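Being a predicted model, the structure only gives us computed values, none of them experimental. Naming convention: chains lettered A, B, ... in sequence-line order (proteins, then strands); numbering from 1 in each chain.
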Protein chains: 2
Amino acid sequence: MAPAAGMRPSPDALSVVMDALSRRLADRFSVSAAVREQHAHTLTWIQNQPPDCVVFPRDTAEVAEVVRLCVRHGAPIVPFGTGTSLEGHVNAPFGGVCVSTERMSEIVAVHPEDLDAVVQPGVTRRRLNDHLRDQGLFFPIDPGADASLGGMAATRASGTNAVRYGTMRDNVLGLTAVLASGEIIRAGGRAKKSSSGYDLTRLLVGSEGTLGIITELTLRLHGTPEAIAAGVCPFPSVAAACAATTATIQCGIPVARIELLDALQVRACNAYSKLALPEVPTLFLEFHGSDAGVAEQSERFGEIAADFGGGPFEWATRTEERNRLWQARHDAFWAAAAMRPGARPMSTDVCVPISRLADCVAETQADIAASGLVAPIVGHVGDGNFHCLPLIDMADPAEIAACEAFVGRLVERALAMGGACSGEHGVGQAKMKHLEAEHGAGAMAAMRAIKRALDPQNIMNPGKIVIP
Amino acid sequence: MAPAAGMRPSPDALSVVMDALSRRLADRFSVSAAVREQHAHTLTWIQNQPPDCVVFPRDTAEVAEVVRLCVRHGAPIVPFGTGTSLEGHVNAPFGGVCVSTERMSEIVAVHPEDLDAVVQPGVTRRRLNDHLRDQGLFFPIDPGADASLGGMAATRASGTNAVRYGTMRDNVLGLTAVLASGEIIRAGGRAKKSSSGYDLTRLLVGSEGTLGIITELTLRLHGTPEAIAAGVCPFPSVAAACAATTATIQCGIPVARIELLDALQVRACNAYSKLALPEVPTLFLEFHGSDAGVAEQSERFGEIAADFGGGPFEWATRTEERNRLWQARHDAFWAAAAMRPGARPMSTDVCVPISRLADCVAETQADIAASGLVAPIVGHVGDGNFHCLPLIDMADPAEIAACEAFVGRLVERALAMGGACSGEHGVGQAKMKHLEAEHGAGAMAAMRAIKRALDPQNIMNPGKIVIP
């Protein structure tokens, strides 16, 4: 990684901070090398940069204490959820204190009548959904990993069913956060709408810990659909699959998930999950609604697919059948990783207007072929968002460089098509270099001004998103 | 209004600015008293505070020129759309330059395949929808007035069908703005999702011109529904109507509009529109979907209404029938105003979690009765958002004071129930005094820090939202 502006605390300042934290938090403070490395670990190829210590506060007040101490002595603070982010978000390039939300895992309240829940940030999405199941409610955002809800908010996560339910941007109603001032702020609330003041909720969502630590969340819930249909549909080409996706969205079919696996990814899934799918670009779909509604949606999609040469479209509503149809999609990440044992996945994503999706995927496949990389593609195509998963031999610097260059071209391609350098993985360390190309000098100056205003010492997750 | 911190430019500075603007913009610069008053005019009881001049730039570059000139000489800038805001947003308490977006009314591009449109801020929502109609698309946000889309974004407007389609927060994909630095920023873009950097789009949406002037918008469009059903349903009490609303939302019926008129408002509509509706609390509904879908939704709602003692639920899908059923709702504002000729409406709104809606409306009705005010209630109840329209005699200072006190109690009641001081009208001048009670000292400090960072001279619409 290119070095990012920021500063290590002086050894004296650091030891004052660590002594105070150790006394205050006792066994909820750790300097063990294993714990520190684990808390800088990301699922990616990015080099591990451990913090000087890890703390496990239990509530907002304790987080505020930790932050005030760090502010006083200029020690960097790196918030940590479950460590499933992908772009180096939890690395500590300037050392400092990792604030884990692991012990902040209380489901504070569920309000079924208002379709909202209040949770501490360390609650994971699966645990929340387990808790909600009996009440006929669910929280839809599904980034794949069983991430913490605080981390998902901080990285503006989304995933497979954002096409219907939106992203964390749309599903965080309010939050509590500790800013670099040590002040505790509440933003938003439990009302469904508000036109009351600056949207601090949306400013914190996606700020990746660089403006504050989220210590409580109010989340929008949804009623469990009466019926769910799932289906799978092969296509003659990526272009045909993308065109069918675009037509489905344009027709207003409220598809809950619409996922593309390219031919290489399908081949990987066949090998890994012992399936016999045709090794062609394939869409995986899910529909939510009433019994009649999901049948109508499924049938209409089948007709659209046929118009673009796709099919047969196989779909089902019974749970076991649905699981069978979707197995390849569920196993996609591990199936891809298994294609090249010992290699590391350099998972990356971009997002483009859906009219450009087919072009962007096709050009990217051509680029992969020309680069000699092994890189299956999986896309949340209803949003124009797709992932490439180059599998790289970390012992080969030339391959790492080739892969980084490929990601650079992928981002440039998406930006040239009016897209974003990341649809859902975020910026972290790895995509900082692309932000100015996407947003322009004016917007970057505004982001830096906001960062300086809220974190004048640059101690909140320094070296991520913007260099103030 | 209580005086708000800010500063008039010196007479010398002001005359330099006005001379330069006059030379540069010729007939697109006005100091006429009528034009100035018209551009501070709001639909409300709030005292008119005209700017020193009004300018009519044609594009982003001209707006940037105006802003740079004002910055150099410390002249306040008040952005203006159509003047339909309700809380004194376009008043100029410190004089300065009103920047009208009237001449920025080009529909720059429509991308049907991506369901988005790019518009200048002076385009009104009706004109956009007229333009889109032939393409089978529409822009859903409907605040009642034919407001400009720039103004709607700046005030985070919503209205009747936010319950299904969200608010301006959800439907602005990106924007161009001129900040107080004179810099032009682009935020967001045409991709449906992004996790790339701070959400400047959402920061500008709802900032009411205090952080910058929006000069272009990328809006999310929706496909025109295949079928629309509209209906009307009387209820024995406000509590029963609210309970039926809550149950409808909880059941996941994707209602497109669900509007409450209280008994007083229904009486006003009967008188104004020559109708014979039962003078009881009444819900007006609209459903969007396929033919089968809207029939299913309507029937399910009818069953829910009956469970709560409501009905008969009359509904229809033919346009003329729908218009007949909804006439009372369409005429509600004018019907209310006609109840007390010569009086001014002090239109106000709050928003609460829907579980508290029935209580909040009932307590508010009791408060209205005890205060001796004439104040019908209309609510976007699917969102927990409702309006009171006290009709006041502006010649009677005691009545004005009583009405202001009533609005204060209404806000306190909503906040005590976990709500917001405004669901969709915004802060402007009139609700500034309530922000700290809603958001707390920490969040207010953060808002002020952001305001100072982006507008260090406090010249962007000073005296609105926050005093830096």
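A:Glu113 touches chain B through backbone and side chain together, each having a heavy atom under 4.5 Å away. If you measure heavy-atom distances from B:Ala162 to chain A, the contacts under 4.5 Å come from the side chain alone. At a 4.5 Å heavy-atom cutoff, the contact between A:Asp199 and chain B is made by backbone and side-chain atoms alike. The part of A:Arg300 that comes within reach of chain B is its side chain, from C-beta onward, which places non-hydrogen atoms under 4.5 angstrom from that chain. Neither the backbone nor the side chain of A:Val350 comes within contact range of chain B; no heavy atom of the residue lies under 4.5 Å from a heavy atom of that chain. The contact between A:Thr246 and chain B is made entirely by side chain atoms (from C-beta outward), counting heavy-atom distances below 4.5 Å. Contacts between A:Ala187 and chain B at a heavy-atom distance below 4.5 Å are absent for every atom of the residue. Contact of A:Pro112 with chain B is made through the backbone alone, with heavy-atom distances under 4.5 Å. Using a 4.5 Å cut-off between heavy atoms, A:Ile249 contacts chain B through both its backbone and its side chain. Both the backbone and the side chain of A:Val427 come within contact range of chain B, with heavy atoms under 4.5 Å apart.
In this structure, the side chain of A:Asp114 engages the main chain of B:Ile354 through a donor-acceptor pair within 3.5 Å. Remark: side-chain polar atoms of B:Arg156 are paired, donor with acceptor, to backbone N or O of A:Ser194 under 3.5 angstrom.
Distance check, rounded to the nearest 0.5 Å: CD of B:Gln250 to CG of A:Leu221 gives 11.0 Å. Atoms NE2 and CZ, on B:His111 and A:Arg356 in that order, are 10.0 Å from each other to the nearest 0.5 Å. Taking OH of A:Tyr198 as the start and CG of B:Leu203 as the end, the distance is 8.0 Å to the nearest 0.5 Å.
Of the options B:Asp383, B:Asn385, B:Thr167, a side chain to side chain donor-acceptor pair (under 3.5 Å) to A:Lys192 is made by B:Asp383 and by none of the others.
Here the closest heavy-atom approach between residue B:Arg186 and residue A:Glu438 is recorded as NH2-O, 3.6 Å.
Between A:Arg190 and B:Met417, the closest side-chain pair of non-hydrogen atoms is not below 4.5 Å.
In this structure, a donor-acceptor pair under 3.5 Å is present between the side chains of B:His439 and A:Ser196.
Between chain A and the residues B:Ala441, B:Ala177, B:Ser290, the most heavy-atom pairs under 4.5 angstrom are made by B:Ser290.
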Report task. Take A:Leu200 and B:Met447 through the side-chain contact (heavy atoms from CB on, under 4.5 Å) test and state the conclusion after the steps. Result -> CA-CA 8 Å; A:Leu200 299 180; B:Met447 289 189 206; 4.0 Å; yes

